[in-house]
Amino acid sequence: MTTAPLLEFIAREHPAFVHIPLGLVAVLPLAMLASFHPRHVRLWTGTSFFLALVGWLGSTVALASGLLWGRQIALIPPKAYLPVVATEKQVLQRILQVHELAALSGFVIGGFCVWLLWRSWRQMDAPEGTRRRRHGGRRFWERGVGAGPLLVAILWLGCWGLSGKLGGIMVFGNEETNRAAAEADAAKRADVEADLPIRALDYASLEPITRVPVQSRAHGNRWQRIWVTASGADAYQAGRPLPPGAYAVLSTFEDDKGRPSHEPGPLYMKEVKADGSQAFVFYWPRVPEAQRGEVGGQDSAYWRSPDPHLATCTGCHEKVGRP
Ligand code: HEC
């Protein structure tokens, strides 16, 4: 990842930045409460407005850096604003969703609060005649900045407090996130093909079904050879479905213009799992520059079911009834 050092800094320091707006909004209700004192209304209303404004503006840096950071560590997809939660197991993503929504709600409520405070502060500057007197003689909740804005500020603090608490959990972990991380780690260790499709790469140890490369329209007109595990070779040749545990690999050959050659092209794999379901793999370790358009501009591709890139494989194989 090549990000400018400044952006990198802004992203990584998100946990530090957030304390400035949060701290200001934490003292805001106190300043607002102080404005209820009949002798200091103007001073404390002004102070409250200043605290709220700086906290609110400061929070834009915190919001932006949080989004940058989330994208940098791939919790949020590159062009998205919220993480995608695909399974219940993605504890971090689930917490991050609520964290972001709470932060944003706080931002909206905060904007409203700043406006309310600006309004009361301005009214105090108005000439004596037009100004609504807010102290002395008034009922308690009508003094100073008023009870309504005070409640709004407390709601604002509540949203950011929740967001901050969840942020702390994401950074320092709690029981649930630690368990999820340990489980993901164990699953990755048990998954020997997480980084390389080892069985597909070892296709030459399988039974060759086709002796010479033949052109396949189904797979981008590539020239391919088919290899099938011994456990499935007979069934494959008889046109029957592969038994559970069997798999087939297509090795392909082409040059960077897509013409037949001795250059290895992408590997395709189809596996029948123990439960009878099908899984696909697409592996293209070095994509020639001219062909990167086929794989979204990447210089290499390794996709495994349920990767969304493989939806076309599943779709066509179901349609043509390839067992
Ligand atoms: C347009 C339809 C279509 C698409 C898309 C497609 N296939 Fe196939 N696939 C076929 C057909 C038809 C065959 C039979 C051999 C041939 O014609 O190449 C086949 C054969 C295979 C085989 C050999 C085992 C078998 O079932 O015959 C594998 C492995 C395979 N495909 C993997 C994939 C993967 C991985 C993808 C996605 C990256 C994919 N296929 C996309 C139609 C398709």
Side-chain angles (χ1 to χ4, degrees), residues 77-78 84 86-87 187-188 191-323:
V84 182
T87 77
K188 177 138 195 213
D191 179 1
V192 291
E193 296 196 322
D195 300 318
L196 277 181
I198 295 166
R199 289 170 302 161
L201 282 167
D202 195 26
Y203 62 84
S205 69
L206 308 182
E207 300 296 317
I209 301 290
T210 46
R211 294 279 157 190
V212 291
V214 287
Q215 200 174 16
S216 167
R217 297 193 49 197
H219 306 101
N221 280 328
R222 297 199 160 93
W223 292 77
Q224 69 184 28
R225 287 188 68 185
I226 301 180
W227 312 77
V228 177
T229 47
S231 63
D234 287 346
Y236 189 83
Q237 263 157 340
R240 292 198 310 272
L242 294 178
Y247 55 89
V249 177
L250 292 183
S251 57
T252 62
F253 310 87
E254 61 180 19
D255 64 11
D256 61 359
K257 305 255 167 13
R259 291 175 306 219
S261 85
H262 297 291
E263 290 291 316
L267 284 179
Y268 296 71
M269 177 173 169
K270 186 177 86 180
E271 178 185 6
V272 180
K273 301 245 179 186
D275 63 2
S277 64
Q278 287 191 356
F280 292 88
V281 172
F282 179 86
Y283 181 59
W284 201 351
R286 201 188 66 83
V287 186
E289 204 148 352
Q291 285 165 290
R292 295 197 182 148
E294 291 178 43
V295 291
Q298 313 257 55
D299 54 8
S300 84
Y302 177 28
W303 301 328
R304 305 196 294 162
S305 300
D307 189 306
H309 286 106
L310 300 178
T312 50
C313 321
T314 322
C316 181
H317 275 251
E318 271 166 10
K319 202 164 70 222
V320 296
R322 290 297 308 172

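Just follow the structure's listing: the first ligand is 1, and inside any ligand the first atom is 1. Worth knowing before you read on, the calculation uses all heavy atoms, side chains too, and leaves out hydrogens, waters and symmetry mates.
Close contacts between ligand 1 and Ala248 involve ligand atoms 24 (C), 29 (C) [criterion: under 4.0 Å to a heavy atom]. Close approach of ligand 1 to Phe282 (heavy-atom distance below 4.0 Å) involves ligand atoms 38 (C). Listed by atom number, the atoms of ligand 1 under 4.0 Å from Lys270 heavy atoms are 25 (C), 26 (O), 29 (C). Within the listing of ligand 1, atoms 5 (C) sit less than 4.0 angstrom from a heavy atom of Thr312.
Within the 4.0 Å heavy-atom criterion, the part of Val281 lying near ligand 1 is the backbone and not the side chain. The backbone of Met269, and not its side chain, has at least one atom closer than 4.0 Å to an atom of ligand 1 (non-hydrogen atoms only; backbone = N, CA, C, O). Residue Trp303 does not touch ligand 1, judged by heavy-atom distances below 4.0 Å.
Under the side chain to side chain contact (heavy atoms under 4.5 Å, CB included) criterion, Gln237 pairs with Ile209, sequence neighbours left out. Residues passing the side-chain hydrogen bond (donor to acceptor under 3.5 Å, both in side chains) test with Glu193 are Arg199, sequence neighbours excluded.
Annotation: the span from Leu196 atom CG to Asp202 atom CG amounts to 12.0 Å, rounded to 0.5 Å.
The shortest N or O to N or O distance between Tyr268 and ligand 1 is not below 3.5 Å.
When distances to atom 8 (Fe) of ligand 1 are checked against a cut-off of 2.8 Å, His219 contributes an N, O or S atom below that limit.
The backbone N or O of Thr252 lies less than 3.5 Å from no partner atom in the side chain of Gln224, so there is not a single donor-acceptor pair. At least one donor-acceptor pair under 3.5 Å links the side chain of Arg225 to the backbone N or O of Thr210.
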